[in-house]
Amino acid sequence: MHLGESVATARTVGHLSKSAEVMKLVNGLMKAPEVAATMQEFSKEMAKAGVIEEMVNDAVDSALDSEDVEEEIEEEVDKVLTELAGETAAQLPEAAKRQRTKEPIQRENATHEQEAVAEGVDDDDELDEIRARLAKVRS
């Protein structure tokens, strides 16, 4: 048994010495200082790319996330129409705005009437009152 252990130890020493030789050859081929310099340069470039990407994303987000863009667009369109067509065009956007504000009120009143019908309101007085309010809003 002792002889078997000695042979195994000798083989292990032989393998380790061969591994050490291979490591020396690889270190000679690798040129560690050059690789370290390349890795540092790569790291700097990656940091620059990250910063640039972040700046571009922030700029795009700020350009696209403007809440008043639609209002500004409407105002500019109104200005152009006013310049091109005069008073007639100036009255058109106002009429459209009035129509836009009227539509949600009409939808809301229609919804209330539908809810009243869905709840089973059989009282004709309440229904007439709702219809009268709806007529007032429409006019």
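Here the structure is a predicted model, which is why all the values come from computation and not from measurement. Reckoned from all heavy atoms, side chains included, excluding hydrogens, waters and symmetry mates.
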- Interatomic spacing from CD in E129 to CZ in R133 - rounded to 0.5 Å: 4.5 Å
- Message: Measuring from atom CD of E5 to atom OG1 of T12, what distance do you get when rounded to the nearest 0.5 angstrom?
- Response: 11.0 Å
- Is E76 salt-bridged to K79, going by a charged N under 4.0 Å from an acidic O? yes
- Taking the hydrophobic residues Ile, Leu, Val, Met, Phe, Trp and Tyr, and joining any pair whose side-chain heavy atoms are under 4.5 Å apart, which ones share a cluster with L16? none
Residues 17-30 side chain polar contacts: donor-acceptor under 3.5 Å, at least two apart:
{"from": "S17", "atom 1": "OG", "to": "V13", "atom 2": "O", "distance (Å)": "3.4"}
{"from": "S17", "atom 1": "OG", "to": "G14", "atom 2": "O", "distance (Å)": "2.7"}
{"from": "S19", "atom 1": "OG", "to": "H15", "atom 2": "O", "distance (Å)": "3.1"}
{"from": "N27", "atom 1": "ND2", "to": "M23", "atom 2": "O", "distance (Å)": "3.4"}

